[in-house]
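Take a look at the structure set out below.
In what follows, chains are A, B, ... by sequence order, proteins preceding strands, each numbered from 1. It should be emphasised that the depicted structure is a prediction, and the values quoted were computed from it without experimental measurement.
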Number of protein chains: 2
Amino acid sequence: MTSLALCTINSSTRSIARLCRVSHSAHGTADVHSFVARYSTLRNCSASLPRGKCSFIKTGTRQMCQSSPRRISLGRYGKGVFLAAGAAAVTGVLAAGVSHFQRAEMATKISRVEEEDGDIRERCKSFMSPPVTDIKLLEQRKDEMSTRMEMLIMETQSAFCRALEQVDGGSFRVDRWSRKEGGGGISCVMQDGKIFEKAGVNVSVVYGNLTEEAARQMRSRGKILKGKDGKLPFRAMGVSSVIHPKNPHIPTVHFNYRYFEIEEADGTKQWWFGGGTDLTPVYIDLEDATHFHKTLKEACDKHHPKYYPDFKKWCDNYFYIRHRGETRGIGGIFFDDLDSPDQDEVFNFVRSCAKTVVPCYLPIVYKHLNDSFTPEEKDWQQVRRGRYVEFNLVYDRGVKFGLATPGSRIESILMSLPLTARWEYMHEPTKGTKEAEMLEILRNPKQWI
Amino acid sequence: MTSLALCTINSSTRSIARLCRVSHSAHGTADVHSFVARYSTLRNCSASLPRGKCSFIKTGTRQMCQSSPRRISLGRYGKGVFLAAGAAAVTGVLAAGVSHFQRAEMATKISRVEEEDGDIRERCKSFMSPPVTDIKLLEQRKDEMSTRMEMLIMETQSAFCRALEQVDGGSFRVDRWSRKEGGGGISCVMQDGKIFEKAGVNVSVVYGNLTEEAARQMRSRGKILKGKDGKLPFRAMGVSSVIHPKNPHIPTVHFNYRYFEIEEADGTKQWWFGGGTDLTPVYIDLEDATHFHKTLKEACDKHHPKYYPDFKKWCDNYFYIRHRGETRGIGGIFFDDLDSPDQDEVFNFVRSCAKTVVPCYLPIVYKHLNDSFTPEEKDWQQVRRGRYVEFNLVYDRGVKFGLATPGSRIESILMSLPLTARWEYMHEPTKGTKEAEMLEILRNPKQWI
């Protein structure tokens, strides 16, 4: 009989692996490696859950860490919005339309108090670096969404970096940078590690003024934003990450969660969230794919039953290398311009997503840590890395916008590119091989759950 | 005392190296390797010159293979034009404006008869593949510019490929492809050779109908082209090449020469030429840089004294990686939308340029053939390759247009990408190193002659 580990993380946002080890050791059964290596039996081991304990429960038990279910109202989420101000961390896209939907039953709602209590200064201690915004200011504005989101993205960066350091044994280089026009960021990069060829986790918090035209381009719902003397104060923030492992049996992962607000002349604040997490394996592993999508679906289902199917589709449409007729990977979720039913509800959804990045990915890393591979498998990985570069430089709107924006921190935008990549003329895998199987999936996106 | 080799090529377009070897051997002095390795004493060894012999003359003697000087009229060449129909071989760009110039003295003019005599069917025998257009049609239309240009691009492909095969010892893979909408191409690629990591030489000859809007975008001089029922028949052709050697001391070279014509409703034919050759060294070698630019300048000076300085500047402006604040390489020449003083004159200029690709590059290859290199030098090459990819995918208009055009042959467009590339986070060479010296040059384009 399989068993499930339901482990939770306290508000000091240590990495799941570290916490799980502590919790698990407390049970006196195994170390973290054997623990997370059995991730297929570990569906609900989630870094997203607050102040709990790690314990084993029977298969089939639902995740129990949310507060009681309640109705919430969800309005529409629109077709697109676009911003990558200063760094690729803060980015959005126009993508294929997603149908609007109505008020719906929600499974649960994570209580804000449960997630965000604790002294701000105390929470900051676990970060990779002090937050971009001065801690005193964050304390003064602790109920504002920009503060809550900055704390979330800093916590997400920290949790993910710690989990990766744990598995790799290496350390992230941490670079703080500032933006002349306002704000800055924290870029964490581990390069040529034992496990990771290149791992980047970037936070940015930028602000300043936009022209009405720039604001219009960013939010393409046809809404005209009126600024004071043509200027619109904005604030944008996000966390983004791309992890390229060395072993071709460990997939590349990408995630990005962002928040945007613009103030109109009459003082009205326009705000919206965007984000997503997606996986790019070199070889398909059905168990990994199912685990990844199921973990995301569970996070989505807590907020709206249509989120996962709609955002999964949006993801497949967005991460599409049109000139190749292939998706970049096996997808995940992607959404943008999300501003309903209300700020609290959307933030709770974004938080749920951000909290899944470790449980989505780390178990897959541990599972394949010691997989052997051939030079041919490494070559195929390098060819797929080339395709990753093609997508990021040709299509990714965040990258494109960032590169075109004066004052952007180019190294933070392009840290998403792999350390190494390869372009072979007329590369086409032989029929019946594992490489051909992977390509077939990329050419015909599947439903994984 | 240094000596110069004045060698010429007969109309069967064998490669310069091969011919030089034959000619040189006839003098009983040395083999091709020692011959071309001394390229710095070999300024006028040109594949561009017709039906001559290879012989040694004293330094300081001017190139003697053109017919007598005459005056020609040169009108303006405009700011930009853009077409990359079906493959990157046929590509153009908008670039920084170049001042117009007036009627001027020309050093020489190559006689059309001298360059292009010989039976078409006979000339085709030296090609890498039969031409894209049926030979019978070419014979019927032998005086038309489209035929003369197709023969030139086929000859250029062949001469360059043979010269590269000669030095590498490997063979080009030759792929013929057709375009559903009309025309096709011949892609020659050598991959993972002894000397060349990836060498691609592509010819395309495409035709069909353009919408007025598409035609307007292609030719952005503000001229409105009137089509019959909104349609404009067009024909575009070109040869393009990118060569990435393995040894970091052998630079990457790129060239592209192209011709377009569009027929308006009243039967008027609009036509123009574009092209250029540029060098991307990993480490700077002043002698190489001087040789490369001097060879191009000599080809330009035969046609107009302002061509080299203007097209050199245009090249530096075009091959600029804006987000890095670096040029891609040390430039060369680049021009577009060239349609004056008349078709013959512009064709003669383009032919002179196309004929310089072998003498510009091959001597540099031979010179560095046996240079040793360290793993660190290889790494720096890989980082520079990454920048090459960035330019090609983010800025190159031919690539961008090709990728966005349905029916394009993607493999022919992306064969310009290196086999391998590298992206290191925050890579910055140490002050005083050869890498820092190279970067300094890329950040501040120089006059090489």
**Top contributor to chain A contacts, counting heavy-atom pairs under 4.5 Å, from B/Glu390, B/Arg322, B/Arg173** = B/Arg173

**Fill in**
Closest non-hydrogen contact found for B/Phe373 with B/Lys378 is CE1-CD, 4.0 Å

**Prompt:** For B/Ser241, which residues count as a side-chain hydrogen bond (donor to acceptor under 3.5 Å, both in side chains) partner, sequence neighbours excluded?
**Reply:** none

**Cation-aromatic face contact A/Arg179/A/Trp177, 6.0 Å, 45 degrees** = no

**Selection from B/His427, B/Met415, B/Glu411 maximising heavy-atom pairs under 4.5 Å formed with chain A** = B/Glu411

**Message:** Taking side chain as everything from C-beta outward and backbone as N, CA, C, O, which of these in A/Gln382 sits under 4.5 Å from a heavy atom of chain B? Side chain, backbone, both or neither.
**Reply:** neither

**Asked** Heavy-atom distance under 4.5 Å to chain B: side chain of A/Arg324, backbone, both or neither?
**Response** side chain

**Prompt:** If you measure only the distance, is there a donor-acceptor pair under 3.5 Å linking the side chains of A/His323 and A/Tyr395?
**Reply:** yes

Show me the side-chain donor-acceptor pairs of residues 189-196 of chain B shorter than 3.5 Å, one per line, residues at least two apart or across chains.
residue	atom	partner	partner atom	Å
B/Gln191	OE1	A/Tyr425	N	2.7
B/Asp192	OD1	B/Lys246	NZ	3.1

**Asked** Who wins among B/Leu419, B/Val389, B/Leu393 for the most heavy-atom pairs under 4.5 Å with chain A?
**Response** B/Leu419

